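Everything quoted here is computed from the prediction, not taken from an experiment.
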Amino acid sequence: MNTTANTTAPFGAITVHRIVSVFDEIRVRFATQIAARRTAAELRALSPRQLEDIGVLPMDIELFESGRF
């Protein structure tokens with residue numbers, strides 16, 4: 001007996017997947033922004049000498065915070 005697998009998605013599954021994907025992307029972006037702000041805050045707490053030791057200029061901190069670094 002030959003059988004074939006049903007390869008179609010259940011009704012609405014694609015829509016639900018897209019909605020979940022959008023919310024997951026929002027969650028990831030939000031978490032990334034929080035991490036960038038924390039990193040910038042920790043860098044601001046360092047002295048210029050400490051920043052130099054890790055190869056970061058004081059003006060680079062804004063880049064960390066904006067996520068462009």
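Distance check: Leu51 CG to Leu43 CG gives 6.0 Å after rounding to the nearest 0.5 Å. Taken from OG in Ser47 to CG in Asp53, the straight-line distance is 7.5 Å, to the nearest 0.5 Å. Distance check: Arg29 CZ to Ile34 CD1 gives 14.5 Å after rounding to the nearest 0.5 Å.
Ile61 and Ile54 fall within the same hydrophobic cluster, where Ile, Leu, Val, Met, Phe, Trp and Tyr residues are linked whenever their side-chain heavy atoms come under 4.5 Å apart, directly or through other members.
The existence of a salt bridge linking Arg38 and Glu42 is excluded, since no basic side-chain nitrogen approaches an acidic carboxylate oxygen closer than 4.0 Å. Look at Arg44 and Glu65 and you find a salt bridge, because one of the NZ, NE, NH1 or NH2 atoms lies within 4.0 Å of a carboxylate O, short of that distance.
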